[in-house]
Amino acid sequence: MSGEILLQARGITKRYRGLLANNNIDLDLRRGEIHALIGPNGAGKSTLIAQLSGELEPSAGQVLFRGREVTALPVHRRARLGISRSFQMTSVFEEMTVMDNLALAVQAHHGHSFRFWRAAHRCQALNREAETLARRFGLEERLHQPASALAHGEQRQLEVALALAGDPPVLLLDEPMAGIGPGGTHELTRLLGGLRERHAVLLVEHDMQAVFALADRITVLVYGEVIASGSVEAIRANPEVRRAYLGDDSLQEAAC
Amino acid sequence: MLTVTGLQAGYGDSEVLHGVDLELREGEVAALLGRNGMGKTTTLHCICGLVRPRAGIIDFDGQSLQHLPEWRIARLGVGLVPEGRRIFPNLSVEENLRVAAAHHSEQAQPWTLERVHALFPRLRERRRHAGNQLSGGEQQMLAIGRALMTNPRLLVLDEATEGLAPLIRDEIWAVIEGLKAQGQSILIVDKNLGRLLPLADRYVLMEKGCVVSAGAADDLLRDHELQARYLGV
Amino acid sequence: AQPVKIGMITTLTTKAGYLGEDIRDGFRLAIEQEGGTLGGVPVELLVEDDGRKPGKGRQIADRFIRKDGVRIMTGIVFSNVALAVAPKVVRQGVFYISPNAGPSKLAGKGCDPNFFNAAWQNDNLHEVMGQYVQDAGYKSAYILAPNYPAGKDALAGFKRYYKGRIVGEVYTKLGQSDYAAELANLRAAKPEAVFFFLPGGMGINFLKQYQQAGLAERIPVFGPAFSFDARILKAVGDAAVGVKNGSQWNWDLDNPANRRFVAAFREKYGRMPTLYASQGYDTARLIGSALKATGGKPEDQDAFRKALEQADFESVRGAFRFNRNHFPIQDLYVREVVKDDDGIRNVTLKKVFSDHGDAYADQCRM
Amino acid sequence: MWLLVEQLLNGLQLGFMLFLLSAGLTLVFGVMNLINLAHGSFYMVGAYVAATLSGAGMGYGVALLGALAAAGLCGLLVELIVLRHLYRRDHLDQVLATFGLILFFNEGVRMIWGRQPLFMQTPAWLGGSVELLPGVPYPLYRLAIIGIGLLVALGLYLLIARTRLGMRIRAGASDRQMIAALGVNIRWLYTLVFALGALMAGFAGVIAAPVFAVESGMGESILILTFVVIVIGGIGSVRGALLGALLVGLVDSLGRAYLPRLLGLLSDSEAANALAASLSSMSIYLLMALVLAIRPRGLFPA
Amino acid sequence: MLRGPSALRLRVLLGGGLLLLLVWPWISALFGGDYLVSVMTRVLIFAIAAISLDLIVGYGALVSFGHAAFLGLGAYVAAISAFHASEGLPLAFGFSGSESLLVNLPLAMAVAALVACVTGLICLRTQGIHFIMITLAFAQMLYYLFVSLDAYGGEDGLVLPARNSLPLLDTADDRQFYFLCLGLLLLYLYLAHRLVNSRFGRVLRGSRANETRMRALGYNTYGYRLAAYVIAATGAPLAGVLLASKTEFVDPGLFSWQLSGELLVMVILGGMGSLYGAVIGAAAFLLLEQWLAAWTEHWMFFLGPFLVLVVVRARHGLWGVLTGNGQ
Ligand SMILES: Nc1ncnc2c1ncn2[C@@H]1O[C@H](COP(=O)(O)OP(=O)(O)OP(=O)(O)O)[C@@H](O)[C@H]1O
Ligand SMILES: Nc1ncnc2c1ncn2[C@@H]1O[C@H](COP(=O)(O)OP(=O)(O)OP(=O)(O)O)[C@@H](O)[C@H]1O
Ligand SMILES: [Mg+2]
Ligand SMILES: [Mg+2]
């Protein structure tokens, strides 16, 4: 609990006509910490991520990055500051190759792209970084295939890889494990675990095995409200959380 | 009820399935397993007519499906819960269900809007929302509900519990168990072996577009070496 | 000997395609009547569609001259195409004899020894209506035309001879189809007469809607012949009956050449000739007269020009000669649209101008 | 004062006329996600067939039915032969193909009917005028257009929003394969919808024939207007098409009616006159640019 | 990316095409005079316009239905500038026009860039069909503006005193003018090629494929799009100035949606997103139109189905057919 606070949500509220999707949510993300956000479907997790990343404008509340208010900044400005996200619904560049996908993500972190002359695919710096990323996610054999030709699980891996490009300090991961097979889940868990030192990670995930293995802190969202926040043990033991979200046998399930 | 023999299929120049065989009897639950990208979805899509097989026979109660268009197959009673949900974003939740309503099997107790609402009360609460205004999990429920509304004789579930909260996931498993108990035939792809295998009658294990092992689900449940080799667990 | 090539650039496509068609058909009729010759000289007619686009017209002219070695050109329907094509063509020593478009620029300052117009100067048919409406004693008029140079010229031409009060002068969008708003304003302005110049489909739309608005019985309509040729009348139907329009020609003009032309045209094409057809026919015969006089040698420019200037042919509109700017001096008539057993058609009402020239000849330094 | 009312009516009437065309276009475009530039061709076919039949002495009813059948049939054939292959393609492929169809239809009509415009009589029972306002007769036919437009709007709305057919159509628009996997014969469904759209265009053609010149190429100038309408209204919504059409109709009519006068107040010169003319020509484009600048997805995005 | 065998095919195609263009004047001399030179000059000019359109349509998914407006602007700048120079009338800011390409070309591009900047700011707020229509709207406004510019001929258009000139070159000579156009086309093709393969080009393609993701990655897609729009808009006046010089005539028809539509047709017909496709498309469309029109006056009746056939049969336009990437 000691790392520097990178991203902070203060009193975030989001209303969709009659529906209160987020209600007065406070949340800190610290460097060196994986903060898991769990909650039933429709609790408002993705909505919160969208507000932290800037895709959605909160109805009320503020988002602070390193103590500076960024609530009014558009998505791309926040991404430049180093707030990066992955999408729950896979969102990759379908007709481009895996290589181009990754290179494009890397390129975003190499200053502006108003470079009209030199051939982009010859830029070794970009290519190397892209290849490294591909290797980390086991996509190296797929580098020259269009993303649309990847199986669902591979696309999910690409999705997370795009978010990780350029080593952004804040990572907002919306169900990175979803769609990834049992074996892949293990590897991804290891990979995310390795991110802890240098990043602040917000992890939304329904795979409790992964959450319990990774999270330093867990916040539980139900019907748009935070009902609990604390260590893994505290949350696992919290009867309210069990009733609203975990259910009773989820622990055995996770164990398989 | 369903017999697939020598199924080959691919996309463009690449061949993805190199001869898949599988079998499912009336009232059974079969699990299709394999790591990412091994061809599970492609197999299911061939059965449902979304991908045209290049070779092989798909026999569904004496009807061969491999040349039929997808809507004919659906009318024969194959209901699909697709990977990635594929909810109609511009229809309301209720319309998503109603648009699918049909009776492709003569069930004593057909699925109706009420029964689906009873199964997933959340869908009743959200019934006026547009499909794209649902959370991921809600969409998943809707996709299952939608497939049930066609009253299929064979329900095909592709990663139906992806992205669901544990509690809901449990519910879905319970629903699947309930469906099985009612004699619904189900072909299912899911990564959650712990829940799937005890429920399934038989399994088919795929690796790079081929079936590497098949048999009774209980056997696989006990065979940890096989699991480790082909599923990485 | 090689036949003399005549290049015809005209508008066959777009909504206005039938204008070019009639010019072409009239022209062809003349050739056919002389057994493939004009003035006894074998000719070959090359026809191409300009699609009403000036750029395309220039392109075709280019091809005619360079590829086919054409020395005589004709055919253009629209002024803007003519303005783009004709000056360039005549500069290269080719004769251009216009069967239709006669913009003021080419009649005045921009006149050229090699440019002839066998039809009229654009303003003529408006001027005759101005004079007629003036003579008929209408005290006020509402006038309208599309917002483009020919439209402005049209209203200027009308006003040159009409001295009554103009209670409304409206420029509409080119290609407009709905005129309800203009008609409502028109009704409110309570004019005694309406003069309009709306070529092609625009005129059809206007007249139909004019009648539907119940104005036809109340305020008489006047216009140039362009909106009242035989083919348009078929499309307008009863709405045109009673309208008076100005023209240099009509099917009932009583001269032998015209009688022969009308009969032959009807026989060959199965329809009444229009003014455009008559112009195409006359143009062909004018060229024929010059070919005859020069023995089929347009290369001999001075001789050929001189022969054209003589205009030594029997025009279907009676007396015909050229002004010093190579535009016609001719009689102009007012026709009335009537409905009788032969359908809806124009009958000649009155000769308004005799030997009428145009307002721009003085500016021509030639 | 009455003049203003009359001009408003004119605007409404023009709007409904545009709506009749836009409705079919928005159906095909918004719902099937297909850009069909040849929509105007069906309008033309409708007008030509109606004019021909009524010219041959048949009654208005026969002409109407014949025209609808012809336009619907054209739509059917076009869908079966060409567009069926293009649903999954880029919009621009559809643009090119339907552009080709325009050329084909325009020239085809010219080859069949010749180059001169055709005539169609207003049906006698809709011929006269009614005195809506004291001293201001209003053509009955134009009133009828308003009424028909309203009916069509209502019918279409009900079809799309309330029926199962409408639901299926909309579902197919977003995920063709998925709706097929639920057992809907999407091919025929789309053929049907397309033919329906063509039919509505043909209907608009029949309505327009007595008012406007029936000529080859009559579809294109109005097609652009129609696109303007559905873009302003918001694509794919019948409500948007209706409001867009009315807005365009009003702005265009009122612009033509009052701009010259307004500018005339400022200065009574040729220049003011010319300016008014060009401004009123531009008015609907100005309107569209304005609407889209403020609401980039139109007024009522579906 | 092209697959192995077609890479060779590509070289052969490009080499052959270039060779053909280089010797074209002599070929056409064999076949009845230099008229064919003039035809091909037109093709080259439209190819430039089509390439500039392809830059945004094929790579940025910005389907402009008003691209002809920039072509028209270029043409009018050349014409007006020459008109003032020859009449000796001052134009603006103490500038009294010029008949030199060296002045008019940059001037035309600057004017187009300026207009593109202003309209682009508004147009790019929209997407898809809305973008198509709002670009059309601006082009139409320009069209009506020029229709009502009586000083420059209004609807009748304006005749240039002569072709714009260049030092060391006699532009009035058709062959020299042909090679000028060819040179500019090749130069422009090269520049465009560099552009689409640069980092900027990649960003453009990314924004086309998935804008949400691009923004989440940190790209200000609006800015890049605007830049692309302006860049494309400065290419068209190049063609415009040349076209005005070639025909020595301009008219508001250059702004018409029909011409914008034809440019789009060229790009799609040739195959979007491959710059060579735009060249092929321009050539195919213009030559086919010429040839068919010379053959029958009902040429549209045949051109239409041909276009349909290309779309239905070939996925990536004529260029796809040529390179064997068609299906
Ligand atoms: N655009 C929208 N309009 C109206 N309601 C919306 C909209 N987007 C989301 N919602 C509603 O807001 C609630 C929160 O959605 P959100 O996607 O944040 O849930 P979530 O916690 O991410 O769920 P899941 O775990 O299933 O992905 C849901 O009930 C959803 O129906
Ligand atoms: N649309 C497509 N085009 C080309 N190749 C594809 C396409 N869809 C899938 N593939 C390829 O087919 C193979 C099998 O894919 P499939 O989706 O059947 O795998 P899967 O077993 O369902 O994987 P996952 O668990 O990740 O969903 C993969 O290698 C993938 O790259
Ligand atoms: Mg979510
Ligand atoms: Mg799968």
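The structure presented is a predicted model; accordingly, all values stated were derived computationally and were not measured. Naming: A, B, ... by sequence-line order, numbering from 1 per chain.
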Residue pair [X] / [Y], side-chain heavy-atom distance below 4.5 Å:
X: Arg89(D); Y: Arg315(E); result: yes
X: His85(D); Y: Val311(E); result: no
X: Met111(D); Y: Phe301(E); result: yes

Is chain D contacted by the side chain of [X], its backbone, both, or neither, given a heavy-atom distance below 4.5 Å?
X: Leu269(E); answer: both
X: Phe138(E); answer: side chain
X: Val265(E); answer: both
X: Val310(E); answer: neither

For each of Leu86(D), Leu92(D), Asp93(D), Leu279(D), tally heavy-atom pairs with chain E at distances under 4.5 Å, and name the one with the top tally.
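So the answer, after comparing Leu86(D), Leu92(D), Asp93(D), Leu279(D), is Leu92(D).
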Hey, which of Leu286(D), Ile81(D), Leu287(D) has the most heavy atom pairs under 4.5 Å with chain E?
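The option with the most such pairs is Leu286(D).
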Going from [atom1] on [X] to [atom2] on [Y], what distance comes out if it is rounded to the nearest 0.5 angstrom?
X: Phe227(D); Y: Phe65(E); atom1: CZ; atom2: CZ; value: 8.5 Å
X: Leu145(E); Y: Met282(D); atom1: CG; atom2: CE; value: 5.0 Å
X: Leu96(D); Y: Phe285(E); atom1: CG; atom2: CZ; value: 9.0 Å
X: Leu292(D); Y: Met133(E); atom1: CG; atom2: CE; value: 9.0 Å
X: Phe99(D); Y: Ile268(E); atom1: CZ; atom2: CD1; value: 9.5 Å
X: Ser281(D); Y: Tyr144(E); atom1: OG; atom2: OH; value: 5.5 Å

Tell me, for [X] versus chain E, whether the close heavy atoms (under 4.5 Å) come from the side chain, the backbone, both or neither.
X: Arg84(D); value: neither
X: Ile294(D); value: backbone
X: Phe29(D); value: side chain
X: Asp90(D); value: side chain

Considering only NZ, NE, NH1 and NH2 on the basic side and carboxylate oxygens on the acidic side, decide whether Arg110(D) and Glu297(E) come within less than 4.0 Å.
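Not counted as a salt bridge, because no side-chain N and carboxylate O are separated by less than 4.0 Å.
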Which heavy-atom pair separates His130(E) from Pro296(D) by the least distance, and what is that distance?
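Heavy-atom minimum between the residues: CG-O, 3.5 Å.
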How far apart are the closest heavy atoms of Val308(E) and Ala97(D), and which atoms are they?
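Result for this residue pair: CG2-O, 3.3 Å.
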